[in-house]
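We count residues from 1, following the sequence as given. FYI, side chains are in, hydrogens and waters are out, and symmetry mates aren't considered; it's all heavy atoms of this structure.
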Amino acid sequence: MDVDAAREAIGLQDKLARQRLVPVLRKVAAEGDAHADALTPWLGRAWKRNSGTWGDSDPLGRLKNGAESAFIAAKNWAQESDNAGYHRYTLKTSWEEVRKAVRDLQYHPPSLRQVENSHHDDSPYEGVGKPPPFTRRRHTETAVQTLHDHIRELAELLRKPPNGLLVIPRQAHAPRHGNLEEGRLGRLVNEDLAATVKTGSDLSERLAQGNADWSEAHTWIKGAGNLLRVSLGSVAVGLHMMDAAVAACQSPLIADSRLLARAYTVIALSYMNEVQTRMPDYIEASSQQPDPHVSMTFSGGTFIGGQFAARINNVHSAITGMHQEGRIDVAEALRALQQAVMADSMEDERRSDLLDNVEYLAQAAATPLEERNKGISRAALAALTAAAAGGSALSSALDSWGSVLHKLFS
């Protein structure tokens, strides 16, 4: 199997996975239609005034009993859609089946938040039906109508065939220019590369023979990426998100997990072979340049530098270039993401992974449109979105700038 055949194999597995996901999404769409149907009789007549307010010109009131139960059930169901792809479910609905199907994929199904964002709504149904449930008539009727319309629209989106579920990498080529990281000896890096390539070649053969599992491919690709990252810095970009991509093999939607794992292994192995070929150039370039300056960033009362400084500098360089080109919104979006990752409290390993995603988005944004790998870029953005907990700096940054980045990589 060569790289072209590997990409074709991933494309076939993606097609089969999308076919398997369609009935799951249609089932949850039918649930949405049922909730919208339950709201339909109450449109324009869901509100009743409080007793003792007959003399008020703009009295307070609440949902009628039947309308209240339909409204609360519909709202709870719709809000479960915002958790699709994550591990936060409180209701027994078909959304749980969706979560199980897509949780290992670089894919997020349609959600209530997506519908709200398309209308620039501020969730007018929030606060309605919650104690104390007293609201004005106009607010209540608008809430019921808007929730009904949003659920109808969400159901329509769920019935549409899903877009790509798997990352299909382009054939990445090792960069012509690169440098060894500080403290790395070229001879030893060469030995590590040779050992890694041999292990990957053996693994590819064992996968073809059915004597290895996808998890071995995941471990090998992650290890290969880590080797490049600590030894050659930005050269690791060729394997960016590959370990997350191969994790899709465990999804119940995948028809042949070994074939998919082998396809990703072949693509990663091709890149590692190219890196090996370019190692003499990287070693020569490193001996001609002084040690790179390592800056330190102060965030949250802690000095953060060393392993993060090079990536922060790379992001800053991309931001500077975009400012000079007049792409202010993209530059500020990337700056907000980088600052949020550094500001939030998390383990260093998790921060490192998220900074990798921000760095890749910065590099992709600086790449000409026709050369930009939108699949991997969307996967990096999805990883950041999945990591954004409510109330975190990263969540706020994505709320403010997510539309700019989604438009850039759509």
Original post:
Is the backbone N or O of Glu97 less than 3.5 Å from a side-chain atom of Ser94, with the two atoms forming a donor-acceptor pair by type?
Top reply: no
Subject >> Validation row: Val144, His148 side chains within 4.5 angstrom (heavy atoms) >> reply: no
Subject >> Candidate pair Arg99 and Glu96, rule salt bridge (Lys or Arg N to Asp or Glu O under 4.0 Å), full reasoning >> reply: CA-CA 5 Å; Arg99 182 191 70 80; Glu96 174 65 12; 2.9 Å; yes
Subject >> Glu31/Trp77 under side chain to side chain donor-acceptor pair (under 3.5 Å): CA gap, chis, key distance, verdict >> reply: CA-CA 9 Å; Glu31 283 186 359; Trp77 174 89; 2.9 Å; yes
Original post:
side chain to side chain contact (heavy atoms under 4.5 Å, CB included) between Leu147 and Phe71: does it pass, once the steps are laid out?
Top reply: CA-CA 8 Å; Leu147 180 61; Phe71 180 85; 3.6 Å; yes
**OP:** Report yes if some heavy atom in the side chain of Leu337 is under 4.5 Å from a heavy atom in the side chain of Trp401; otherwise report no.
**Re:** no
Original post:
How long is the gap from CG on Leu207 to CZ on Arg258, to the nearest 0.5 Å?
Top reply: 8.0 Å
Subject >> Where at least one partner belongs to residues 199-221, residue pairs that pass salt bridge (Lys or Arg N to Asp or Glu O under 4.0 Å), sequence neighbours excluded >> reply: Lys198-Asp202, Arg206-Glu216
Subject >> Worked check of side chain to side chain contact (heavy atoms under 4.5 Å, CB included) between Glu68 and Ile72 >> reply: CA-CA 6 Å; Glu68 183 176 45; Ile72 292 175; 3.8 Å; yes
Original post:
Does the side chain of Leu398 reach to within under 4.5 Å of the side chain of Leu381, using non-hydrogen atoms?
Top reply: yes
Subject >> Heavy atoms from other residues, nucleotides or ligands near NZ of Lys27 exceed 12 (cutoff 6.0 Å) >> reply: no
**OP:** State whether Arg7 and Asp14 are salt-bridged, where the test is any N-O pair (Lys NZ or Arg NE/NH1/NH2 against Asp/Glu carboxylate O) under 4.0 Å.
**Re:** no
**OP:** Please collect all ring-ring contact (aromatic ring centres under 6.0 Å, His included) contacts where either partner lies in residues 363-385, sequence neighbours excluded, each pair once.
**Re:** none
Original post:
Does Val197 offer a backbone N or O that forms a donor-acceptor pair with the side chain of Ser201 under 3.5 Å?
Top reply: yes
Original post:
Could you give the distance from CG (Leu259) to SG (Cys249), rounded to the nearest 0.5 Å?
Top reply: 9.0 Å
Subject >> OG-CD distance between Ser231 and Glu181, expressed to the nearest 0.5 angstrom >> reply: 8.0 Å
Subject >> Residues in salt bridge (Lys or Arg N to Asp or Glu O under 4.0 Å) contact with Arg20, at least two apart in sequence or another chain >> reply: none
**OP:** Carefully, step by step, assess Glu156 and Glu153 under the rule side chain to side chain contact (heavy atoms under 4.5 Å, CB included).
**Re:** CA-CA 5 Å; Glu156 284 301 311; Glu153 186 171 343; 5.6 Å; no
Subject >> Side chains of Val341 and Asn357 in contact at under 4.5 Å (non-hydrogen atoms) >> reply: no
**OP:** Can you establish whether the number of heavy atoms outside Glu8 located under 6.0 Å from its atom CD is more than 12?
**Re:** no
Original post:
At what distance, to the nearest 0.5 angstrom, does OG of Ser377 lie from CG of Leu408?
Top reply: 7.5 Å
**OP:** Go through Gln145 and Asp149 one step at a time and tell me if the side chain to side chain donor-acceptor pair (under 3.5 Å) criterion holds.
**Re:** CA-CA 6 Å; Gln145 181 71 59; Asp149 295 346; 3.0 Å; yes
**OP:** Grab the two heavy atoms, one from Leu334 and one from Leu405, that are nearest each other, plus how far apart they are.
**Re:** CD2-CD2, 4.3 Å
Original post:
Can Glu347 and Arg350 be counted as an ion pair, charged N to O under 4.0 angstrom?
Top reply: no
**OP:** Please collect all salt bridge (Lys or Arg N to Asp or Glu O under 4.0 Å) contacts where either partner lies in residues 222-248, sequence neighbours excluded, each pair once.
**Re:** Arg229-Asp356
**OP:** Please report the shortest heavy-atom distance between Ile10 and Leu166, naming the atom on each side.
**Re:** O-CD1, 3.8 Å
Original post:
Any donor-acceptor pair under 3.5 Å linking the side chain of Gln338 with the backbone of Leu355?
Top reply: no
Subject >> Ser251 side chain vs Ala248 backbone, donor-acceptor pair below 3.5 Å >> reply: no
**OP:** Answer yes or no: is there a side-chain heavy-atom contact under 4.5 Å between Val235 and Pro175?
**Re:** yes
Original post:
How far apart are the closest heavy atoms of Leu63 and Lys48, and which atoms are they?
Top reply: O-CE, 4.0 Å
Original post:
Side chains of Glu141 and Leu43: closer than 4.5 Å at any heavy-atom pair?
Top reply: no
Subject >> Non-hydrogen atoms of Leu180 and Leu232 that approach each other most closely >> reply: CD2-CD2, 3.6 Å
Original post:
Hey, is the main chain of Ala224 close enough, under 3.5 Å, to the side chain of Thr196 for a donor-acceptor pair?
Top reply: no
**OP:** Measure from the side-chain N and O atoms of Thr142 to the backbone N and O of His139, and report whether any donor-acceptor pair falls under 3.5 Å.
**Re:** no
**OP:** Check the pair Leu21, Leu105 against side chain to side chain contact (heavy atoms under 4.5 Å, CB included), reporting the backbone distance first and the verdict last.
**Re:** CA-CA 12 Å; Leu21 181 59; Leu105 306 177; 5.7 Å; no
Subject >> Flag side-chain contact, heavy atom, 4.5 Å: Glu80 against Leu112 >> reply: no
**OP:** Before giving the answer on salt bridge (Lys or Arg N to Asp or Glu O under 4.0 Å), spell out for Arg152 and Asp37 the whole-Å C-alpha distance, their side-chain angles and the decisive distance to 0.1 Å.
**Re:** CA-CA 9 Å; Arg152 289 287 192 209; Asp37 289 343; 2.6 Å; yes
Original post:
How long is the gap from CZ on Arg26 to CZ on Arg159, to the nearest 0.5 Å?
Top reply: 9.0 Å
**OP:** For residues Ala217 and Ala261, report the shortest heavy-atom separation together with the two atoms involved.
**Re:** CB-CB, 3.8 Å
Original post:
Any side-chain heavy atom of Leu239 within less than 4.5 Å of one from Met272?
Top reply: yes
Original post:
Taking all non-hydrogen atoms of both residues, which atom of Val102 and which atom of Pro109 are closest, and how far apart?
Top reply: CG2-CD, 4.1 Å
**OP:** May I have all residue pairs that pass ring-ring contact (aromatic ring centres under 6.0 Å, His included) and include part of residues 243-277, sequence neighbours excluded?
**Re:** none
**OP:** Sorted by first residue and then second, give each ring-ring contact (aromatic ring centres under 6.0 Å, His included) pair with at least one member in residues 355-380; sequence neighbours left out.
**Re:** His240-Tyr360
**OP:** Starting at CD of Gln13, measure out to CG of Leu165 and round the result to the nearest 0.5 Å.
**Re:** 11.5 Å
